[in-house]
Amino acid sequence: MAKEKPGIPKGTRDFDPLEISRREYIFDTIRKVYQLHGFRPIETPAMEMLSTLMGKYGEEGDRLIFRILNSGDFTAKIDDEVWQTKDASKLSPMLSEKALRYDLTVPFARYVVQHQHKITFPFKRYQIQPVWRADRPQKGRYREFFQCDADVIGSDSLVNEAEFIKIIDEVFSALNIRVAIKVNNRKILAGLAEYIGYPDAITDITTAIDKLDKIGLEKVLEELTERGLSSAAIEKLKPVLQVTGTIQEKLDHLDAVLESSSTGSKGLDEMRQLFDIIAVTPVNSAVELDLTLARGLNYYTGAIIEVKSQDVLMGSICGGGRYDDLTGIFGLNDVSGIGISFGADRIYDVMQSLSLFPDSVGTFSQLLAVNFGEKERNYCMPALEILRARGVRCELYPEPAKMKKQMQYADKNNIPFVLMAGDEEMEKGVFSLKNMRSGEQHTLELEQVITMVHAHNGE
RNA sequence: GUGACUGUAGCUCAGCAGGUUAGAGCACCAGAUUGUGGUUCUGGGGGUCGUGGGUUCGAAUCCCAUCAGUCACCCCA
């Protein structure tokens, strides 16, 4: 048999040690902020029942769900007649009843319904796990990627919306990424749809105006025409999309437009309250009211949030919103939730292109002991035991190889210190410690070695 | 699902109006240098030119198909 060239599926990646440490840096930063706000972790399985996921992400979303083929002789149970029809919608449930999770929000809603007896509401949870989408990969888009979600379920208060904006601000400040936080409200969009006489076309309207900053006003209006809106309706919508000014001015303008829509007015009211709450503990990042922000996930009902880098052209790196009835689908009514999701992989790409990772993030071993031979090795090993007990990550080169080779090993693995002990050092009970960054070398007692390594770590 | 582009060494690529034995840089291994890496110099290993077919005396080079990858659209983290 011919040798197979190994590979991994399209849109998936291997991570090397440096990438892992940088990814962990992102995860740790997000996790820490979540914990500081009182969120608690859960995990759910990589696969869910297909029926749990279907219909929650819109038509496009359903298409992008990775299905898992049933095991065993599943084709034997299928009727010849059904088989002959080749009807995918009928055959699909017979071929596949499980699927890889598409996001973390729907599995969370499922989790809440299933475990409601032991949950105290409001329930604040975070979850950092991979999700899978059968999308065609491109820049910043993968088929397997990590989401870092936090949700609050069982609380209507807009304090939650404000807290998530605060969390977003804290995470990106800690990572040194300048972002714009865009906020909108589905109720305002619904109000606009009512206002122009197409209350049922909200999805068409929002997906079109979502592209405003990308393709421009004219193209958006063209698309709306294609989607079946009358020119009168478009003329009504046009000035609303062109509203500029401060958040306050935008809201005041919308008051007049949406006064006949109770949903729209409620959305405006929510937005006002939200900005009032944010004002109590202001954030560093730019927060904008963006009427063109729509977001495709169709379970959102209130506030919607999206975050973009100010310095790198990339899709959104964090998004979220309020969903009033997600658990209702699974039989638990009148529980409102809100959540956000950080896209760790895109954040990684942004940080990489801006060189924002600190140097210390790539350091694993802090010290390598050179192996000169059996006698010297036995002198070093107890010292390494002590170093480890004192929190120093260190290792001994396993072979008494050439000095050059051992030094290269330290160099390539980004190990900042090399410990050496030969006859002279052993006789005096000391060690030579070389700083690989500066090239400096000192003869030291073990205690001084520990101090020096720790001092370097702290810089 | 739609469209465009690209497949040559582990990586980045050159070669291509068809013509000896397919190249470079980086990386790797060894030596210069038997207790000092990251610099320098010398030498070495590594390729059925994505795959299959066609045109031709002759194909990495031209044509067709196929597979893979990248980017954009749709949609989204």
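The model shown is predicted, which means the values in this text are computed figures rather than measured ones.
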So with a 6.0 Å cut-off around CD of A:E427, is the heavy-atom count from everything else above 12?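 Counting neighbours around CD of A:E427, 12 or fewer heavy atoms of other residues, nucleotides or ligands fall under 6.0 Å, so no.
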
Within the structure shown, what part of the strands sits under 4.0 Å from [X] by heavy-atom distance: base, sugar-phosphate, or nothing?
X      : result
A:G61  : nothing
A:K211 : sugar-phosphate
A:D135 : base
A:S341 : nothing
A:K434 : base
A:Y142 : base
A:Q138 : base
A:G422 : base

Side-chain N or O of A:K412 less than 4.0 angstrom from OP1 or OP2 on B:C28?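 Yes, because at least one side-chain N or O of A:K412 sits under 4.0 Å from OP1 or OP2 of B:C28.
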
Considering only side-chain heavy atoms of [X], which listed nucleotide, [options], is closest?
X      : options             : answer
A:F372 : B:G35, B:G38, B:U36 : B:G35
A:Q441 : B:G38, B:G35, B:A77 : B:G35
A:E60  : B:U36, B:C76, B:C74 : B:C74

Could you state the atom-to-atom distance from [atom1] of [X] to [atom2] of [N] in whole Å?
X      : N     : atom1 : atom2 : result
A:R136 : B:C71 : CZ    : C1'   : 11 Å
A:L419 : B:G37 : CG    : P     : 17 Å
A:L368 : B:G37 : CG    : C1'   : 11 Å
A:Y409 : B:U36 : OH    : P     : 21 Å
A:R346 : B:A77 : CZ    : C1'   : 5 Å
A:E425 : B:G35 : CD    : P     : 13 Å

Hey, what do you get for CG (A:N160) to NZ (A:K166), rounding to the nearest 0.5 Å?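 One gets 15.5 Å once the value is rounded to the nearest 0.5 Å.
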
Working to the nearest 0.5 Å, report the span between CD1 of A:I165 and CD1 of A:I278.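 Between atom CD1 of A:I165 and atom CD1 of A:I278 there are 3.5 Å.
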
Roughly how far apart, to the nearest Å, are [N] and [M] at atom [atom1]?
N     : M     : atom1 : result
B:U8  : B:G3  : C1'   : 27 Å
B:A22 : B:C16 : C1'   : 12 Å
B:G53 : B:G58 : P     : 15 Å

Centroid under 5.5 Å and tilt under 30°, A:F145 to B:A77: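 Given the distance and angle limits, yes, they stack.
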
Would A:E385 and A:R388 count as a salt bridge (charged side-chain N to carboxylate O under 4.0 Å, His left out) if you check the C-alpha gap in whole Å, the side-chain angles of each, and the deciding distance to 0.1 Å? CA-CA 5 Å; A:E385 278 291 289; A:R388 292 186 188 113; 3.7 Å; yes

Should the pair A:D28-A:R31 be classified as a salt bridge under the 4.0 Å nitrogen-to-oxygen rule?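 Between A:R31 and A:D28 there is a salt bridge, with a charged N closer than 4.0 Å to a carboxylate O.
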
